Structures are given as C-alpha cells and as structure tokens.
2 protein chains.
Amino acid sequence: MPQVPKAVVSRLSLYLRELHRLARDGKETISSTQLGKLLGCTAAQVRKDMANFGQFGYPGVGYRCAELVTAIKQIMGTHQPWSVALVGIGNLGQALLGYRGFTDQGFRIVAAFDLDPHLIGTDVQGIPVFAVDELASVIREQSIRLAILAVPSSAAQEMADELTKAGIEGILNFAPVTLSHPPSVHTVGVDLAIELEQLSFAVVNKRQNS
Amino acid sequence: MPQVPKAVVSRLSLYLRELHRLARDGKETISSTQLGKLLGCTAAQVRKDMANFGQFGYPGVGYRCAELVTAIKQIMGTHQPWSVALVGIGNLGQALLGYRGFTDQGFRIVAAFDLDPHLIGTDVQGIPVFAVDELASVIREQSIRLAILAVPSSAAQEMADELTKAGIEGILNFAPVTLSHPPSVHTVGVDLAIELEQLSFAVVNKRQNS
DNA sequence: ATGGACGGGTGAATGAATTAACAGAATACC
DNA sequence: GGTATTCTGTTAATTCATTCACCCGTCCAT
C-alpha cells in the first residue's frame, strides 16, 4: 500500500462516519452497493477504496459494519485517542474547545494557548490555558503531536513556526492563509469563507448533482 | 466552459485568497510560476485553471493581481454580497456569527434561527434570532439563498428539509452527517472531526509533502 | 444436496486531471 | 532597433482515478 490516493483517504472518513451510524443503529452488514448509494458514489469505488488496505468484505454478505469501523479506525490511526493542543482561544477557539465531535472521534484537547493574560492560568471549558511561551514545554511533556490553530491570520504563520519548533507533527489550520512549513509537518487547512464561496459558485453555475 | 472540474474551483478560491493578500500588499503583477510556488502547485496548473474561464494573463508580464481578483470574484459569484441564514446558535453557531472572515468575503449573515425560546426575538451579535417556524417567511422576505447549518446531527436532516422547502439553494453543513437533498439544492459539508482524522492519517503514514 | 441470487476482489478499459513542451507576444536591455 | 528574456495560452503526453466486466465464494430456498 505504498501510494494511497488522497481522494481515497477523504472518502474513508465518510465511510467511517456512515458505518459508525449504521452500526449504532444495529445494522449488522452492508453491501458496497448500499454504502455507495448512501454516499453518492459507485459500488466499484467503495470496493476499490477498501482494496487499497486489504480484504474486509464477505462474498454474498457484504461488509460487517462493526468490523469495518475498527478496521478503518486502525487505518486512519484513530483506534487510540490523540492528545491535541489548541492555539488561540478567540471566538472560534472557544467553540472548538466545546465541540463534541472531536472527543467522539478520539481527539482530546488537553491544552490551550493564548496571549490574553486574563485567560492564562485559568481553565476554559475544563481545559488549562497556558502562555505561548510554554508551548514547547507543554507539548513535549504531554507528548502532543497534533495542534489546532485558531488564531488571526496575522499571527498564524508565526504560531505555526512555534508549533513546528516544538515538534508538532500535524496542524489543523483555521486561519485563512496558506502556511509554509517543512515537509516533516503536515497541515490541513479549513477556511470557512472558502467553503461558502464554493457554495456560491455551485449555485450561480447551477451545476447539477453535488 | 461547460464542465469545470471541481478541483479547479476549490483551487480558484485559494488563488483568490492569495491574490487578495498580494494586491493589498501592493504587488502589481504576479507570474504563474510565483503564484504556483505560493500555493504548492505547478505553473502549468495555474495557467490551465485560469484557461477554463478565459484569458487573463499578459505574456511577458504575468497576471495583474487586482484585475484577477475581480475576475475570480466574478467567476465565483462573490462580486456582490450574499445574504446568508444561520440555523442553530449553539457553541459553533455563535462563533460563526462573530466570524470576521465571512463578511470580508462578501457573506452577510442576516438572520439566525434556533429552537431556544430564550433566544428567539433577541439579537445575538447584532443579528436577529427567529423561531424555526418563521424560516420560510424570513427567507422569502429577505430573498436569502444560502444557509449555514450548525445544529446537532440529530436535527440536521430535518432542518435541511425545512430549508429546502423554504427555497434555499445552498447549504453549508457543519453537522457530521451526509444530507440527502434534491439536486436543485447544493450542499457543502464541513466535518471538523474528519479534518483532524485526515491529519491523523497523514501523520501515522508519514507521507511526505502536503 | 443443488440451483440461483447476491456480493466482494481484481485486472482491463475508460475517462480525468496533471504535467510537460512549445509557439507567439510583450518587455527590458543594450 | 535588434536581441535576449519573460511569460502566457494551448496542444500533446503522461499520470492518475474511476468505472466496467468477469470470476469465484457464500448464502438461502427448495
């Protein structure tokens, strides 16, 4: 499995989400056809995507939901929980601190960082807030590998550099800028305005499906 | 321009973001090579992407930043502001209400909806809050075409149906579920946990670049 | 048992998208 | 003014992703 296409990985997350729901609703097994329909892709695609990682299906039966959930979690690396750092406790940062979806998927925010002296030393939503100076030491002590960056664009690159120096391996960036970073660090960017822009394009260009 | 690949559209937003910054910093023109480097793609890609929509560059010069910004805005449909509805004023919803990036890109949240009787009738961050019953009437009166859905997963599909009935054309969905919807409505999903999951995969599989 | 329907794995064929290569146009420099 | 350079638009080549078609295994009804 040396080269897994990026598109496959993002679909894997969607499969996982759907399978999780199905398993919780008590569905034992599901066929590639059904799963494909649920996600708007072909059955062949589902099978091929899974084939990248091994054999998981049972001929004549389909995929066992619960089993596939654990398999995909293993593949994605979320079979055991991650400790995550949050940098920036503004509007968005606070919302992320309280976001249930993270913990549900095995991501636990264990430390938050900000500049505001009123916040430093306190707990916000049960999470301790540290000064940015302490970034490196806290990250090392708690062996945190992932960080969420929710600071203003003007500070984003600088904070990303700090995180990199502290040995962070992945950054989820909410600032609307393209971060530059060494290849040893991975970044995923979420620009909320861009998502709306995509919607705007789709609407004005009245393209079918979605 | 009958069939523009989806990947092109999402890159267009990144170009726009970068060009916007460049223009503000006083840069007159930029070559496809430079722009590509800034975004981590090849110069050929930049040129090809733009070629989908017409001719914007000047041989021997490059692209004029300010000019290209307005051209892309025109293409994306954000050359004039959009009125947007927000459904769900929880943790995340409130953060989105206060998010600066939306207004900067021409998206104005003009109405919010929630179930909580304490909120209905009040203003949150200067935006009036309505009951869900009023969804259709408010949306029609203000001719709102886009909506942001920030409700718990359990309510997401139901609210999406309401929005559809009310004539909404595009939904930005933050609930971690796949919405089913008629082809006349476009949806873009943002699942924050999935983004972290993608990061997790990239980190454990130590794939280079990003 | 056994026939038929269901369903996954897999390699070949199709279709997209990215990259490479080049011809022509504007600029800068001497 | 000519020449070298820069840079676009575009066509061709390559790479990548998706779909198709078939084989074989499993289950269920008879």
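Residue numbering restarts at 1 for every chain, and letters A, B, ... go by the order of the sequence lines. Only a predicted model underlies this, so the values are computations on that prediction, with no experimental measurement involved.
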Walk me through it: do Asp191(A) and Ser13(B) pass the test side-chain contact (heavy atoms from CB on, under 4.5 Å)?
CA-CA 10 Å; Asp191(A) 184 327; Ser13(B) 280; over 6 Å; no
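Residues Leu146(B) and Phe107(B) meet the side-chain proximity criterion, which asks for heavy atoms closer than 4.5 Å.
Between Ser32(A) and dG8(C) there is a side-chain polar atom (N or O) within less than 4.0 angstrom of OP1 or OP2. Distances shown here put a side-chain N or O of Arg11(A) below 4.0 Å from the OP1 or OP2 atom of dT18(D). For the OP1/OP2 pair of dC20(D) and a distance below 4.0 Å, the side-chain nitrogens and oxygens of Gln45(A) include no atom meeting the criterion. When the side-chain nitrogen and oxygen atoms of Thr42(A) are compared with OP1 and OP2 of dT18(D), none of them lie within a distance under 4.0 Å. The side chain of Arg47(B) contributes an N or O atom lying less than 4.0 Å from OP1 or OP2 of dT8(D). Between Tyr63(A) and dC6(C), a side-chain N or O to OP1/OP2 separation shorter than 4.0 Å is absent. Arg64(B) has no side-chain polar atom (N or O) that falls below the 4.0 Å cut-off from OP1 or OP2 of dC7(D).
The side chain of Val61(A) lies closest to dC27(D), out of dC27(D), dT8(D), dG7(C). Looking at the side chain of Pro59(B), the nearest of the listed nucleotides dG24(C), dG7(C), dG9(C) is dG24(C).
In this structure, Asn52(A) atom CG and dG8(C) atom C1' are separated by 15 Å, rounded to whole Å. Between the P atom of dT18(D) and the NZ atom of Lys6(B) lies a distance of 10 Å, rounded to the nearest Å. Whole-Å rounding puts the Tyr58(A) OH to dG25(D) P distance at 17 Å. Rounded to an integer number of Å, the gap from Lys37(A) NZ to dG7(C) P is 11 Å. At whole-Å resolution of the value, CD in Gln55(B) and C1' in dG9(D) are 6 Å apart. Nucleotide dG9(C) holds its P atom 12 Å from the NZ atom of Lys48(A), rounded to whole Å. Atom pair Asp49(A):CG and dG9(C):C1' shows a separation of 14 Å (rounding to whole Å applied). Rounded to whole Å, atom P of dG9(C) lies 8 Å from atom CE of Met50(A).
Scanning all heavy atoms of the two residues, the minimum distance from Thr78(A) to Gln105(A) falls at CB-O, 4.1 Å. Residues His20(B) and Val69(B) share a closest heavy-atom pair of N-CG2, 3.8 Å.
Thr33(A) comes within contact range of no nucleotide atom at all, as no heavy-atom separation falls under 4.0 Å. Gly57(A) comes within 4.0 angstrom of the backbone, heavy atoms only, and of no base.
The residue among Gly60(B) and Ala51(B) whose nearest nucleotide of DNA chain D lies closer to the 5′ end is Gly60(B).
Side chain to side chain, Arg64(A) and Thr29(A) fail the donor-acceptor criterion of an N or O pair below 3.5 Å.
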